[in-house]
Number of protein chains: 2
Amino acid sequence: MDGKDLLRQHIAKTASLTDDEFDYFFSHFKSETFKKGQVIISEGDVVEKEYFVLSGCLKAFFVNDNIKMHILQFTMPTWWTSDYAALYNNTKATICIDCISDAEVLSISNEDREKICNELHQVEHFFRWRTNKGYVAAQKRLLSFMNNDAKTRYEELLALYPALYNMVPKHLIAAYLGVSRETLSRLYTSSK
Amino acid sequence: MDGKDLLRQHIAKTASLTDDEFDYFFSHFKSETFKKGQVIISEGDVVEKEYFVLSGCLKAFFVNDNIKMHILQFTMPTWWTSDYAALYNNTKATICIDCISDAEVLSISNEDREKICNELHQVEHFFRWRTNKGYVAAQKRLLSFMNNDAKTRYEELLALYPALYNMVPKHLIAAYLGVSRETLSRLYTSSK
DNA sequence: TGCAGAATGTGACCTATGTCACCTAGCTCC
DNA sequence: GGAGCTAGGTGACATAGGTCACATTCTGCA
């Protein structure tokens, strides 16, 4: 399936657009490809776009003063990513996004998204629901952080994204779980 | 200021509604008052409404199998709250909401919100932006959990909501920060 | 006005996880 | 096909924060 169909199918789940409306919407996206390791957004950048992933895997992460990395999100096909705090508020990026593998994405500028949301009610509807889902997922992860120890969070993650285990190096999984790579290694080594 | 004006002002920040449109929107809200300690949503409930707080303070929390409470959100005036996972997906409540003080709220049903979002584009626009903000705030808190120790999170919280310190018992602040009440007590006792 | 419960402080001790150091096994690139 | 890098495992030790026990206020209200 090509990118256009993938996006179309993705949106059809929550909004009804005619072919013409969708074509118009789609015409504002730009197709981009990135290599493994390539950086898409780095700290301090002006953030103008958000990305819809067609293939490959991205990560959104934060690096603190002690050079420790924390991963906010792995972005797999049909998921969206950006530094939304920077994108929505027109501030400089505080998180970075780069490619765990080669990746194809569709990008759309903040400006175009707002324009089309204004022009097509159904597009605004779609974006409202997309963010609703993200919000609920973020709250769920927050609860998991407060409520579960590292081992439980690890098992939760694998249950949610079985593909990650073979796709993503372990130290990145540790950075997502919020534990050190040593601790993660001990979690699945021990049969505790 | 009465509740209607408060809501009007709140919405005017992100959406433009005519007086008639706002009156129509407002006509779907129900005014409700609760006493300190009163439970608004409890685990297992069917969740049909969300709440806009006019006065007082609510908390949204989760109680785990060990009877330990984790607070997802304190809701102060002009903030919204509900169990959104349950509300959006029509599932049973997994989190509870109750009143830290006497409170006045406006409530609107999921059904009515969706109906009006469909009828009035600007209302949909408003709810999209509200959730955007919530999503960004949730991600920020997640990062803070991964990146900061309890003392830093405590200072962040006080900087963000100075009013909380005198309004909310310490053990609830501990439950929000994700530490035990003993640890919280030691944080601000020691001058570390 | 007096008492039962909440809220809070604090000491002693325990445990999960971080940190540091070092080792091994694959890759990748000239 | 060797040099050097990255991923990953593991032991020894440090530490933040949890748990338990108990003392001290505070507060609502009978």
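Every chain is numbered from 1 and lettered A, B, ... according to where its sequence line falls, protein lines coming before strand lines.
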Participant: Tell me whether the guanidinium CZ or amine NZ of B/Lys68 lies under 6.0 angstrom from the six-membered ring centre of B/Phe62 and within 45° of its axis.
Facilitator: no
Participant: Hey, does the side chain of A/Tyr188 come within less than 4.0 Å of D/dG9's phosphate (OP1/OP2), counting only N and O?
Facilitator: yes
Participant: Output the single nucleotide from D/dT10, D/dT19, C/dG18 whose closest atom is nearest the side chain of A/Arg181.
Facilitator: D/dT10
Participant: Strictly under 4.0 angstrom, non-hydrogen atoms only: write out the protein contact profile of nucleotides 24-29 of chain C, one letter per nucleotide from the 5' end, B, S or -.
Facilitator: ------
Participant: When you measure from the side-chain N and O atoms of B/Ser185 to the phosphate of C/dG9, is any distance below 4.0 Å, counting only OP1 and OP2?
Facilitator: yes
Participant: With a 6.0 Å cut-off on the ring centroids, do B/Phe74 and B/Tyr161 count as close?
Facilitator: no
Participant: What is the separation between atom CD1 on A/Ile67 and atom C1' on C/dT19, rounded to the nearest whole Å?
Facilitator: 16 Å
Participant: Using a heavy-atom cut-off of 4.0 Å across all strands, would you classify B/Gly37 as base, sugar-phosphate, or nothing?
Facilitator: nothing
Participant: Scan for side-chain hydrogen bond (donor to acceptor under 3.5 Å, both in side chains) pairs involving residues 90-101 of chain B, sequence neighbours excluded, and state none if there are none.
Facilitator: B/Lys59-B/Asp98
Participant: A/Leu184 CG to C/dT19 C1': how many Å, rounded?
Facilitator: 16 Å
Participant: Under 6.0 Å between ring centres, would you say that holds for B/Phe25 and B/Phe29?
Facilitator: yes
Participant: Specify the separation, in whole Å, of atom NZ of A/Lys68 and atom C1' of C/dC20.
Facilitator: 13 Å
Participant: Under 4.0 Å, heavy atom to any atom of DNA chain C: which of residues 153-172 of chain B qualify?
Facilitator: B/Pro169, B/Lys170, B/His171
Participant: Rounded to the Å, how far apart are B/Arg186 CZ and D/dG18 C1'?
Facilitator: 9 Å
Participant: Could you tell me whether the phosphate oxygens of C/dG18, OP1 or OP2, come under 4.0 Å of any side-chain nitrogen or oxygen in A/Thr183?
Facilitator: yes
Participant: Taking the side chain of A/Glu182 as its heavy atoms from C-beta onward, which of D/dC20, C/dA12, D/dG11 lies nearest to it?
Facilitator: D/dG11
Participant: Check B/Asp112 with B/Lys49, please: is the shortest side-chain N to carboxylate O separation under 4.0 Å?
Facilitator: no
Participant: List the residues meeting salt bridge (charged side-chain N to carboxylate O under 4.0 Å, His left out) with A/Asp19, not counting sequence neighbours, and say none if there are none.
Facilitator: A/Arg8
Participant: At what angle, to 10 degrees, do the two end axes of the helix from C/dT1-D/dA30 to C/dC30-D/dG1 meet, given five pairs define each axis?
Facilitator: 50°
Participant: Could you walk me through whether B/Glu48 and B/Ser109 pass the side-chain hydrogen bond (donor to acceptor under 3.5 Å, both in side chains) test, one step at a time?
Facilitator: CA-CA 6 Å; B/Glu48 283 166 339; B/Ser109 72; over 6 Å; no
Participant: Without decimals, in angstroms, what is the distance between B/Asp149 CG and C/dG18 P?
Facilitator: 13 Å
Participant: Tell me the interatomic distance from B/Asn147, atom CG, to C/dG18, atom P, rounded to whole angstroms.
Facilitator: 13 Å
Participant: Are the charged groups of A/Glu50 and A/Arg130 less than 4.0 angstrom apart, N to O?
Facilitator: yes
Participant: Whole Å only: how far is the CD1 atom of B/Ile100 from the P atom of C/dA7?
Facilitator: 11 Å
Participant: Taking salt bridge (charged side-chain N to carboxylate O under 4.0 Å, His left out) as the definition, give me every residue that meets it alongside B/Glu155, ordered by chain and number, with sequence neighbours left out.
Facilitator: B/Lys151
Participant: Is the closest basic N to carboxylate O distance between A/Arg128 and B/Glu114 below 4.0 Å?
Facilitator: yes
Participant: Does the structure place the NZ or CZ of B/Arg141 under 6.0 Å from the centre of the six-membered ring of B/Tyr176, at an angle of no more than 45° from the ring's axis?
Facilitator: yes
Participant: Honestly, is B/Lys140 close enough over B/Tyr135, meaning NZ or CZ under 6.0 Å from the six-membered ring centre and within 45° of the axis?
Facilitator: no
Participant: Could you tell me the separation between the NZ atom of B/Lys35 and the P atom of D/dG28, rounded to a whole number of Å?
Facilitator: 14 Å
